[in-house]
Amino acid sequence: MVDVIITGESGKLHAVYHKSELEAAPLAVVLSGSPRHKCHMNDRVSYAMFRAFMDIGFSVVRFNYRGVNYSEGAIGTTSENMLDIATVIDWIQNKNEDSDKLWLAGNQLGAWYVLQMLMRRPEVSGFALVSPDPTVSDDGFLSPRPDRGSLLRGAMEGEEATNFNAHLTQILKKQAQIDLETILVKNANANYDQPADLRQLYNDLKAYVGRENADNKLL
């Protein structure tokens, strides 16, 4: 993996990129949580998601939104962060013109960004949501978009998060017509604080994406 600089709307975006050795390898973009909650591309969950895709043969990129660490500009609004995500998606697609498969994976607020991009980018072929932020309740943008994806969450997350994820699962399956698989990470909370929890998150995500790949359902 290498550090790269991507030119964004508000300046340079700092990213880390892994190029797969496989011909026409599928692509993945990893989205961290809210910068206002100290999330960034090198936090533990973002790195675990990145490695899961990397270790099953994807070309994958993770990056910092504008205003985070070495990415230029001020911390952005949702619409500004969405512009940064679109820029990074375009960048990895331009670097891999032989690939026609694209996955998105996001943690907390990044999970909501995944769903926003799913509605905007028809080329998205699969996604993973990791412990979506339960304080974000706007799901009105979701429209029928038959697809497949996974929702991974800690089995020890609180009652609010548990109820919220049940609601989100219903919305995605009925309103958006998505074939969604829910995966409980045993003993984990929403932050995956323990090393064993993080390893399990990594293993569960890798297993889900790998199985879809082997069955030729998505890739």
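These figures come from a predicted structure and were not determined experimentally.
- Taking every heavy atom of both residues into account, Tyr192 and Gly154 meet most closely at OH-N, 3.3 Å.
- Of all heavy-atom pairs between Ser125 and Asp147, the closest is O-OD1, 3.4 Å.
- Ion pairing of Arg153 with Asp204 is absent here, as no side-chain N (NZ or NE/NH1/NH2) approaches a carboxylate O to less than 4.0 Å.
- Residue Met82 qualifies as enclosed at atom CE: its count of foreign heavy atoms under 6.0 Å is above 12.
- Here the straight-line distance linking atom CZ of Arg51 with atom OH of Tyr202 works out to 6.0 Å at 0.5 Å rounding.
- Atom CD of Glu159 has 12 or fewer heavy atoms from other residues, nucleotides or ligands within 6.0 Å.
- In this structure, the side chains of Asp133 and Ser34 stay at 4.5 Å or more apart for every pair of heavy atoms.
- The main-chain N or O of Ser71 is never found under 3.5 Å from a side-chain atom of Asn64 such that the two would form a donor-acceptor pair.
- Two residues are said to be in side-chain contact when any heavy atoms from C-beta on lie closer than 4.5 Å; Leu129 and Leu172 meet this criterion.
- By the 4.5 Å heavy-atom criterion applied to side chains, Ser20 and Phe58 are not counted as neighbours.
- Atoms CD1 and CD1, on Ile171 and Ile178 in that order, are 11.0 Å from each other to the nearest 0.5 Å.
- Side-chain contact between Ile89 and Glu123 is present, with heavy atoms from C-beta onward closer than 4.5 Å.
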- request: Check step by step if side chain to side chain contact (heavy atoms under 4.5 Å, CB included) holds for Val114 and Trp103.
  value: CA-CA 9 Å; Val114 166; Trp103 275 66; over 6 Å; no

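- Formation of a donor-acceptor pair under 3.5 Å by the Tyr208 side chain with backbone atoms of Leu151 is not found in this model.
- The structure places CD of Gln194 at 9.5 Å from CG of Asn187, a figure rounded to the nearest 0.5 Å.
- The side-chain heavy atoms of Ser131 and Glu157, taken from C-beta on, include a pair separated by under 4.5 Å.
- A donor-acceptor contact shorter than 3.5 Å links the side chain of Asn107 to the backbone of Val130.
- The environment of NZ in Lys19 is crowded: more than 12 heavy-atom neighbours from other residues, nucleotides or ligands sit within 6.0 Å.
- For the pair Ala190 and Gln108, the tightest heavy-atom approach, listed with the atom from each and the gap, is O-NE2, 4.1 Å.
- For Asn81 (side chain) and Thr78 (main-chain N/O), no donor-acceptor pair under 3.5 Å exists by modelled atom type.
- Ring-plane geometry between Trp112 and Phe164 is classed as tilted, the angle between the planes lying from 30 to 60 degrees on a 0 to 90 degree scale.
- Once rounded to the nearest 0.5 Å, the distance linking CD of Gln116 with CG of Leu31 reads 11.5 Å.
- When hydrophobic clusters are built by joining Ile, Leu, Val, Met, Phe, Trp and Tyr residues whose side-chain heavy atoms come closer than 4.5 Å, directly or via intermediates, Ile92 is not grouped with Leu83.
- Follow the hydrophobic side-chain contacts under 4.5 Å out from Ile183 and you never reach Met156; the two are in separate clusters.
- When every heavy atom of Met117 is checked against every heavy atom of Ile85, the shortest pair comes out as CG-CG2, 3.7 Å.
- Between the side chain of Arg62 and the main chain of Met41, a donor-acceptor pair closer than 3.5 Å is present.
- Considering every non-hydrogen atom in both Leu205 and Ala128, the closest pair reads CD1-CB, 3.6 Å.
- Side-chain contact check for Thr182 versus Asn165: every heavy-atom pair is 4.5 Å or farther apart.
- In this structure, Leu104 is a member of the same hydrophobic cluster as Met119, with clusters built from ILVMFWY side-chain heavy atoms closer than 4.5 Å.
- A distance-only check finds no donor-acceptor pair linking the side chain of Tyr65 to the backbone of Ile75 [under 3.5 Å].
- The NZ atom of Lys206 sits 8.0 Å away from the CD1 atom of Ile56 when rounded to the nearest 0.5 Å.
- Side-chain contact check for Asn191 and Arg44: no donor-acceptor pair (N or O, by modelled atom type) lies under 3.5 Å.
- Leu201 is not listed as a side-chain neighbour of Asn203, based on a closest heavy-atom distance of 4.5 Å or more.
- Looking at Thr162, its side chain does come within 3.5 Å of a backbone N or O of Gly158 through a donor-acceptor pair.
- Ring pair Trp91/Tyr17: centre-to-centre distance below 6.0 Å.
- Taking CG from Leu22 and OG from Ser59, the interatomic distance works out to 8.0 Å, rounded to the nearest 0.5 Å.
- Between Ala74 and Arg66, the shortest heavy-atom distance links the atoms O-CG, 3.3 Å.
- Between Phe50 and Tyr47, the angle of the ring planes stays under 30°, which puts this pair in the parallel group of the 30/60° scheme.
- Counting only distance, with no hydrogens or angles, the side chain of Thr87 and the backbone of Gly8 share no donor-acceptor pair below 3.5 Å.
- Val136 and Tyr113 fall within a single hydrophobic cluster, where Ile, Leu, Val, Met, Phe, Trp and Tyr side chains are chained together by heavy-atom contacts under 4.5 Å.
- Between Cys39 and Leu109 the shortest side-chain heavy-atom distance does not fall below 4.5 Å.
- Under the 4.5 Å side-chain heavy-atom criterion for Ile, Leu, Val, Met, Phe, Trp and Tyr, Ile5 and Val61 are members of distinct hydrophobic clusters.
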